[in-house]
Amino acid sequence: MRAHRRAQRAAVTTGAVLLAAGLLAGCGLSEPDADVPADGRPGHTSAAPAPAGPTDSPRTPELPSELTSQRLDWKRCTAPRGGNAPGSAWRCARVDVPLDYADPSGETLSVALIRKEARDKGRRLGSLLFNFGGPGGSGVATLPRAAGSYAKLNTRYDLVSFDPRGVAASSGVRCRTDKEQEQAHRNVDLTPDTAAEEAAFIEDAAEFGAGCERRSGTVLPHVGTGNAARDLDLIRRVLGDEKLSYFGFSYGTELGGTYAHLFPHTVGRTVLDAAVDPTADGIGHARNQTVGFQRALENYLKDRGQRPKEGSERIARLLARIDRSPLPTDSGRELSESLAITGIVTPLYSESSWPDLTAALDEAENNGTGNGLLRLADSYNGRDEQGRYDTQSHSQRAISCADSTSRPTVDEARALLPEFRKLSPVFGPFLAWDTAGWCAEWPVEGEHETPETSAPGAGPVLVVGTTGDPATPYEGARRMADELGEGVGVLLTNKGEGHGAYGSNDCVTSTIDDYFLDGKVPADGRTCG
């Protein structure tokens, strides 16, 4: 299990698409008198590409005019891989970006865009760019599915999203065949108990990275978040917006924070929902998620009238039994312990999916079969009924390992086990081992220990945290707001469950809508619940 991976999957399948399905009744405001105007207007679109604006960072490259003066050729969209073509209101285009920003006049790669124009063109505010998380999620595929949740914003904004570099239609990283992916899920124990299992676990991780290098070696060194943030700014300029209006979820909050650090003077109205903790390294993220998923599991158990400690221990015993003897399923595939944990994780992203978890656990415990948990795991892992896998996990791992210098060893992961088991008997071992397996022997060096998100000089950035968020625990939102800096990070708290708040709580949704549409910045520390 990996922090951003789980976070993005929820944003694609439950967060962005399903958050609007169950609005929470009621809204409590801790500081109801504090709506104030935003300092700046959102991005304004002109007939020609906007000027570059002030230089925001010594790392900001000077780009050639052939890139900054591109004219986008918007056409009807074709179907994304494994999906359906969006409706007639959608248009797609491609923008060229430098492969290597250290050589901006050199080789380029093509980034895929999708757009739905604002309905009220007379009151249009500009473009609103979305990133739904991951890293590794396709914005081109996701935005049309999620657009119903943003219908109010679409009155005055063009809704725009993109496949970040290394993702899907933007030179997507591919590391394994479907057959190789299936074999890994079947044969590799992600919570190894013996020396042989440990060796197989690390060998599989190294083989994954080697496969990425063989199949995607040209782009692999250049898929980090810093480059994606620079792509965002080039997209802004080509769209003709003076400032970037941006809505990021989960990993998309790290991308948004990185953009704010690199380009503070072009930060427009920006919302970071389900914020990543920018102060955590790889082990810190694993520790945060161990706490977050255990908290969500305990909230689920309490909702079912069970004692959290006893319920957690019962599930841990079930996983131990599955580790010894995998459960049969109707498909002929077996449910391993690793797949069972993934199946338990998946419905914790959204309170509306808790009944699915109840049914799957009841089946496993009482019938001794794993159909329900396997279906949930397949949904999470991007596996369809024909055994085909999407490549989100490939891109997500490549981007994460390009970003992070964290490369814990097997010994370091093993040393974490007592602490992580204490934090969660269900998820702790899985997440402790993941620290060693994620970037083992990765062929590309990481860029930093933790991302830089300080943004002095930027306008207000609205940071949203949900108290029961399992994947990006609430404490991370506080830290993101603090790291953005005084007068920049504005914290909005959602007292609720699930990964992501927009659309799940009418108070949060209306606060964000008012910010994007009218420039009303809530008081720092406002609470909805």
Side-chain angles (χ1 to χ4, degrees), residues 3-4 7-8 11 39-40 54-60 101 129-135 164 223-233 236 243-285 287-289 399-406 446-466 469 471-493 500-501 515 521 524-525:
H4 299 333
Q8 190 280 334
D39 291 338
T55 299
D56 287 308
S57 165
R59 290 169 289 177
T60 302
Y101 273 95
L129 270 75
F130 289 79
N131 182 281
F132 295 99
V223 296
T225 299
N227 283 332
R230 294 179 173 93
D231 292 345
L232 261 181
D233 198 60
R236 170 194 67 80
K243 292 193 174 185
L244 176 72
S245 296
Y246 177 80
F247 204 160
F249 299 86
S250 195
Y251 161 79
T253 68
E254 182 176 325
L255 177 58
T258 301
Y259 180 90
H261 173 68
L262 292 175
F263 304 99
H265 298 294
T266 52
V267 172
R269 294 175 188 170
T270 296
V271 173
L272 309 180
D273 189 0
V276 171
D277 179 357
T279 70
D281 61 8
I283 290 175
H285 276 303
R287 184 178 289 110
N288 289 348
Q289 280 212 311
I399 296 167
S400 296
C401 296
D403 282 348
S404 175
T405 58
S406 182
E447 182 177 340
H448 47 60
E449 184 176 359
T450 61
E452 179 58 74
T453 58
S454 63
V461 173
L462 187 55
V463 181
V464 187
T466 296
D469 191 322
T472 53
Y474 172 72
E475 293 83 356
R478 288 185 176 276
R479 295 180 186 125
M480 175 65 82
D482 288 343
E483 287 295 304
L484 285 165
E486 186 175 355
V488 180
V490 178
L491 179 65
L492 174 64
T493 297
Y515 170 63
V521 182
D524 184 23

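The figures that follow rest on heavy atoms only: side chains count, while hydrogens, waters and symmetry mates do not.
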Any idea which heavy atoms bring [X] and [Y] closest together, and the distance?
X: Lys243; Y: His265; result: CE-O, 3.7 Å
X: Ala229; Y: Thr258; result: CB-CG2, 4.0 Å
X: Ala280; Y: Asn288; result: CB-ND2, 3.8 Å
X: Thr466; Y: Ala501; result: OG1-CB, 3.5 Å
X: Gly459; Y: Val488; result: O-CG1, 3.5 Å
X: Pro278; Y: Pro451; result: O-CD, 3.5 Å

Between the side chain of [X] and the main-chain N/O of [Y], is any donor-acceptor distance below 3.5 Å?
X: Thr270; Y: Gly268; value: yes
X: Ser404; Y: Cys401; value: no
X: Ser406; Y: Asp281; value: no
X: Asp524; Y: Leu491; value: yes
X: Asp403; Y: Thr225; value: yes
X: Asn131; Y: Gly248; value: no
X: Tyr246; Y: Gly252; value: yes

**Message:** Regarding Thr472 and Tyr251, do their side chains bring together a donor and an acceptor under 3.5 Å, going by distance alone?
**Reply:** no
For a 4.5 angstrom cut-off between non-hydrogen side-chain atoms, does [X] reach [Y]?
X: Leu244; Y: Tyr259; result: yes
X: Ser400; Y: Pro135; result: yes
X: Val276; Y: Thr253; result: yes

Could you give the side-chain donor-acceptor pairs of residues 477-485 under 3.5 Å, partners two or more places apart or in another chain?
from	atom 1	to	atom 2	distance (Å)
Arg478	NE	Tyr474	OH	3.4
Arg478	NH2	Tyr474	OH	3.1
Arg479	NH1	Asp277	OD2	2.9

**Fill in**
Output for pair (Asp231 CG, Arg236 CZ), nearest 0.5 Å, gives 13.0 Å
**Fill in**
Rounded to the nearest 0.5 Å, the CG atom of Leu272 sits from the CG atom of Leu255 at a distance of 9.5 Å
**Item:** All ring pair (Phe, Tyr, Trp, His ring centres under 6.0 Å) counterparts of Phe130, not counting sequence neighbours
**Value:** Phe132, Tyr150, Phe247
